[in-house]
Protein chains: 2
Amino acid sequence: MGMGRPREFDADVALDQAMEVFWRHGYEGATIAQLTEAMGINPPSLYACFGNKEGLLKAALDRYTKLRGAWMDEVVAAPTARDVAERMLMGIAEKQTDPANPPGCLLVQGGIACGTGSENVPFELAARRAQNEDQLRDRFVRAKAEGDLTTSSDPAALARYVSAVSVGMGVMASSGSDREALRQVASVAVQAVEAQSERR
Amino acid sequence: MGMGRPREFDADVALDQAMEVFWRHGYEGATIAQLTEAMGINPPSLYACFGNKEGLLKAALDRYTKLRGAWMDEVVAAPTARDVAERMLMGIAEKQTDPANPPGCLLVQGGIACGTGSENVPFELAARRAQNEDQLRDRFVRAKAEGDLTTSSDPAALARYVSAVSVGMGVMASSGSDREALRQVASVAVQAVEAQSERR
DNA sequence: CCATATATGTAGTGTTCACTACAAATGTGG
DNA sequence: CCACATTTGTAGTGAACACTACATATATGG
């Protein structure tokens, strides 16, 4: 009975472009006109495919976290808690100052505070950041069980800490800090994890 | 020849209300209607007094940093670099979860990413955060000169680090983390400064 | 080749935004 | 008490916003 006219654009490619716009301007700062132009489509195509602006953001976030998921797996594969923290924070110093992307982190740049009608956007982003934190916490729980972290250490607190530093680095990057400045922050931050590690 | 009708509202009181709105909704998320209602005035009064929306933000930021200046002075008056960091980060844990204010920090909530026409707002906020960082750096320079921090320590990097953690805690607070979670982060973070301190 | 189903481009829709024209009100200096 | 300077409240202004109606185009299934 006919399957309808096929879509002329690649949704993932379009999402990559939308991601960049949200990343650079934030959810509220990004306009449909900017998004459609970057995506190379017209508004009706956007709404037919993603529902509305918030649906587009969620799809872009899904893609972002999916792309970063592989990297986070590498991070937690480091042999010790200290190395996990170092790999994570040094990697963030690189990624957040990579000229191929807007500076900072989409999960922060997307929106920390929003106006009426977008109140849940900041929570949506926070939920995605929490996923990373959970992954770190699980890794630190293991590190404690393995005797890598001291018995008095608190894996959840350590994960929260690394997550907080990551966010802070993201804000720094987006407001102009260069790679070396972020590396310095990462380097200092790792020492707190070291302080909770058993010396070998 | 007449000095004109006197203003009927107190600019500082009005700024306190505007500060709260910017703090809660961000620069772009805050509307003139919300601001004027909170300030108890009408739009023409706002524009006559502060120029435009961005002028109002800057005036609110001036007041914010002025109110916090006294506290920062207390922070850097702590006897050691470690105590400076602890006093700062633990104080932030309290302040950013104080129910008397919106959660988080105005210098972060105000706007991390903005749309066309407000591109300089994030930089304006970053400049204010940099002031705190400079004050910390100067204090750590002194700590190093006094032999409190090790000779291999980097005061600027330490200041950047404490500043980054502060920002990260602000984002955490605004997305729902409670006071205890922030205290845990602060507690871990201080250990990095401790690692750069001479034992006594 | 036709009926159907979905995508596309044009050209809007109503709403909300930051901002302001204007007239009335209210004070001060002479 | 009067001329003047400034503030205030009302009621808008044009522009930009997210979103959509509609006609046309393009594919598939029968």
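Only heavy atoms go into these numbers, but all of them, side chains included; no hydrogens, no water, no symmetry mates. Because the structure is a prediction, the values reported are computed rather than measured. Protein chains get the first letters and strands the later ones, always in sequence-line order, with residue 1 at the start of each.
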In whole angstroms, the gap separating C1' of dT6(D) from CZ of F9(B) amounts to 12 Å
So do D178(A) and T97(A) actually touch side chain to side chain, heavy atoms under 4.5 Å? no
Can you find a pair of side-chain heavy atoms, one from L57(A) and one from L61(A), that are under 4.5 Å apart? yes
How close or far is atom P of dG29(C) from atom CE of M3(B), stated in whole angstroms? 5 Å
Could you state the atom-to-atom distance from NZ of K53(A) to C1' of dC19(D) in whole Å? 12 Å
What is the distance from CZ of F50(B) to P of dT7(D), rounded to the nearest Å? 12 Å
When rounded to whole Å, the CD1 to C1' distance for the pair I32(A) and dA18(D) reads 6 Å
Kindly indicate whether the side chain of V121(A), heavy atoms from C-beta on, has any atom under 4.5 Å from the side chain of E54(A). yes
Per the side-chain contact (heavy atoms from CB on, under 4.5 Å) rule, which among I112(A), L125(A), L107(A) passes with V171(B)? I112(A)
Taking atom C1' of dT16(C) as reference, at what distance in whole Å does atom NE2 of H25(B) sit? 16 Å
Does some side-chain heavy atom of I92(A) sit less than 4.5 Å from a side-chain heavy atom of W71(A)? yes
Quick one: does NZ or CZ of R24(B) land under 6.0 Å from the six-membered ring centre of F22(B), within 45 degrees of the ring axis? no
Nearest-nucleotide pick for E8(A), side chain only, options being dC19(D), dT8(C), dC19(C): dT8(C)
For DNA chain D, which residues of residues 34-48 of chain A approach it to below 4.0 angstrom with any heavy atom? P43(A), P44(A), Y47(A)
Assert: residue with more 5' nearest nucleotide on DNA chain C, out of G4(B) and E54(B), is E54(B)
On the side chain of R5(A), is there an atom forming a donor-acceptor pair with the base of dA25(D) - under 3.5 Å, no angle test? yes
